[in-house]
Undergrad: 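This is the structure I have questions about; it appears just below.
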Amino acid sequence: MSTEPAVEHNPAEATPPDTLHSTPPSDDPGATAPQPTEPQLGALRAQDLTCAIGRRDVVAGADFSIRPGETVGIVGPNGSGKTTLLRVLAGVRKPRTGRVLLDGQVLHEIGPRRRAAAVALVAQDEVPPADMLVGEVVALGLTPYLPPWGLGAPREQQQVAQALTAVDLTGFADRPVRQLSGGERQRVLLARALVQDTPVLLLDEPTNHLDVTHQLELLGLVRGLRRTVVAALHDLSLADRYCDRIIVLHNGRARPPAPPADALDPTVVAEVFGVDANRVVHPVTGESHLLITPREARR
Ligand SMILES: Nc1ncnc2c1ncn2[C@@H]1O[C@H](COP(=O)(O)OP(=O)(O)OP(=O)(O)O)[C@@H](O)[C@H]1O
């Protein structure tokens, strides 16, 4: 059967989900609790990447690096190429020119099984077969780690149950997919990607269909994972709040990843999206929020 080398990142050896950004340093000299180390895997590098559909270049000359464990947003108007770029970063679409390096290896030269253990993509509006059970869909994320016909072990069921709990779908494993709402289906697909336990997680519009509570929970969850996350997002305020850096796509180009305050500077937002952006301080939390308003609102 498969002659692919052993996977590099087996969930059986994976560290339990931990918070990358939120663990404060201990000031107790006697404290023995181990501090989480920075993730070692999941460095993505786009080298002079041109992504095309047919003969048309959708994004040209993209050149950037994403560090292991970073959460990077991709924003841009409709049709600017967010999905196309994500699919190239996932290895499911070949670039027209340039290459993607994953931990120094050319992504498109890695075999499908090993790639599936390294990169998970939650596509926009994917609809799993309606007659599958929720647990079966989530278990598909374990496929790269299993021997042929290896599904069904208690350990796998436990991993599926944990992932469903992480996306607030405890007890859904035996529900048919056809009985789910759009938002619940979206969270099942995220659970599948969680059990896939890859160093890199690519999300295409992950908050589509989600109510406001689950939008915030989902982005908080993925940001707390010790993984590299790249997410295409339409909501600039959410991108501003949850991303370490943001790539803005505009006129066929990808601006280099920059911290939200720079990437979503009011001048950039006005030029790219034609709306006004203002930073305001939340009156209760004191946090900075990006406020988007239509241009005519100021007239
Ligand atoms: N299968 C296809 N055939 C031809 N053109 C396509 C195809 N898929 C996408 N395109 C075009 O490629 C461009 C980029 O599409 P893409 O889906 O990557 O944009 P996007 O930024 O993700 O858009 P949205 O915000 O609407 O989801 C668009 O102009 C789109 O019309």
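Order of listing sets the numbers, starting from 1, for every ligand and every atom in it.
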Undergrad: In plain terms, say whether R67 and E70 are close enough for a salt bridge, that is, a side-chain N and a carboxylate O under 4.0 Å apart.
TA: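 Yes, R67 and E70 are salt-bridged.
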Undergrad: Looking just at side-chain N and O atoms, do R279 and S288 make a donor-acceptor pair shorter than 3.5 Å?
TA: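 Distance-only check passes for R279 and S288.
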Undergrad: Can you name the residues that come within less than 4.0 Å of ligand 1, going by heavy atoms only?
TA: I53, R56, V58, P77, N78, G79, S80, G81, K82, T83, T84, Q124, H234
Undergrad: D204 pairs by side-chain contact (heavy atoms from CB on, under 4.5 Å) with which of L86, I74, V122?
TA: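 That would be L86.
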Undergrad: Mark yes or no for whether E136, through its side chain, and L133, through its backbone, hold a donor-acceptor pair below 3.5 Å.
TA: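 Yes, because the side chain of E136 sits within donor-acceptor range (under 3.5 Å) of the backbone of L133.
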Undergrad: Using a distance-only test with no angle check, is there a side-chain donor-acceptor pair under 3.5 angstrom linking Q40 and R226?
TA: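 The answer is no; no qualifying pair exists.
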Undergrad: Indicate yes or no for a side-chain donor-acceptor contact from E126 to the backbone of L189 under 3.5 Å, with no hydrogens or angles considered.
TA: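 No: the side chain of E126 does not pair with the backbone of L189.
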